[in-house]
Amino acid sequence: MYEITHNADEGIFITVIDGVTAYVEYVIEDGALCITHTIVPDEIGGRGIASALVSESYAYADAVGLKRKASCTYAAAWLKRKGYNA
């Protein structure tokens, strides 16, 4: 749905919508991808962008054999909604 770019060196997934950047930052720790921040500016909010970024981040984690973890409140709530432990 959205074009999301992954920069593994910086630990970030990024998308640009209507010229505005939204992103998820993460760290790899203890065999898990831990999302630390989910940032979607108000001017592009309410479009499912945060969910798409978090979903893409955890799809990457699954693909490389990492567990899903979150210190970000949005990502933790996303995991809970999907039936995972944060």
Side-chain angles (χ1 to χ4, degrees):
M1 179 174 185
Y2 297 109
E3 183 177 328
I4 297 172
T5 304
H6 179 209
N7 183 329
D9 291 337
E10 293 185 20
I12 194 167
F13 284 84
I14 302 168
T15 191
V16 179
I17 309 298
D18 298 336
V20 180
T21 301
Y23 61 92
V24 159
E25 292 179 336
Y26 69 88
V27 295
I28 306 286
E29 60 184 20
D30 301 324
L33 183 144
C34 179
I35 294 179
T36 56
H37 296 96
T38 302
I39 305 297
V40 177
D42 290 341
E43 56 265 40
I44 58 170
R47 301 184 196 182
I49 297 166
S51 181
L53 286 163
V54 169
S55 179
E56 184 77 13
S57 301
Y58 288 137
Y60 167 76
D62 293 345
V64 297
L66 295 169
K67 296 176 189 168
R68 299 173 177 208
K69 189 174 173 184
S71 62
C72 162
T73 55
Y74 178 85
W78 187 96
L79 284 171
K80 187 175 180 178
R81 277 195 314 272
K82 301 293 182 178
Y84 296 96
N85 291 325

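These values consider heavy atoms only, across backbone and side chains, with no hydrogens, waters or symmetry-generated copies.
Tracing side-chain contacts under 4.5 Å through hydrophobic residues (I, L, V, M, F, W, Y), one never reaches Trp78 starting from Tyr23; they form parts of separate clusters. Two different hydrophobic clusters hold Tyr84 and Val27 under the rule that ILVMFWY side chains link at heavy-atom gaps under 4.5 Å. Using a 4.5 Å cut-off between side-chain heavy atoms of Ile, Leu, Val, Met, Phe, Trp and Tyr, with links allowed through other members, Val24 and Ile14 fall into different hydrophobic clusters. In this structure, Ile12 is not a member of the same hydrophobic cluster as Ile44, with clusters built from ILVMFWY side-chain heavy atoms closer than 4.5 Å.
Summarising the geometry, atom NE2 belonging to His37 is positioned 14.5 Å from atom CG belonging to Leu53; distances are rounded to the nearest 0.5 Å. Separating the CG atom in Leu33 from the CZ atom in Phe13 is a distance of 6.5 Å, to the nearest 0.5 Å. The CD1 atom of Ile35 lies 7.0 Å from the CG atom of Leu79; values are rounded to the nearest 0.5 Å. Residue Thr15 holds its OG1 atom at 10.5 Å from CE of Met1, rounded to the nearest 0.5 Å. Atom CD of Glu25 is separated from atom SG of Cys34 by 11.5 Å, given to the nearest 0.5 angstrom. Atoms CZ and OH, on Arg47 and Tyr2 in that order, are 6.5 Å from each other to the nearest 0.5 Å.
Crowding of Asp30 atom CG: a count of heavy atoms from other residues, nucleotides or ligands under 6.0 Å not exceeding 12. Within a 6.0 Å sphere centred on CD of Glu43, other residues, nucleotides and ligands contribute more than 12 heavy atoms.
When all heavy atoms of Ala52 and Ile4 are compared, the closest pair comes out as O-CD1, 3.6 Å. Contact between Pro41 and Val20 at its shortest, heavy atoms only, is CG-CG1, 3.6 Å. In terms of heavy-atom proximity, Leu66 sits nearest to Ala32 at CD2-N, 4.1 Å.
Ser55 places no side-chain N or O within donor-acceptor distance of the main-chain N or O of Ser51, the cut-off being under 3.5 Å.
Ion pairing between a basic and an acidic side chain is recognised when a charged N comes within 4.0 Å of a carboxylate O; Asp62 and Arg68 show such pairing.
At a threshold of 4.5 Å between non-hydrogen side-chain atoms, the residues Tyr26 and Tyr58 do not count as touching.
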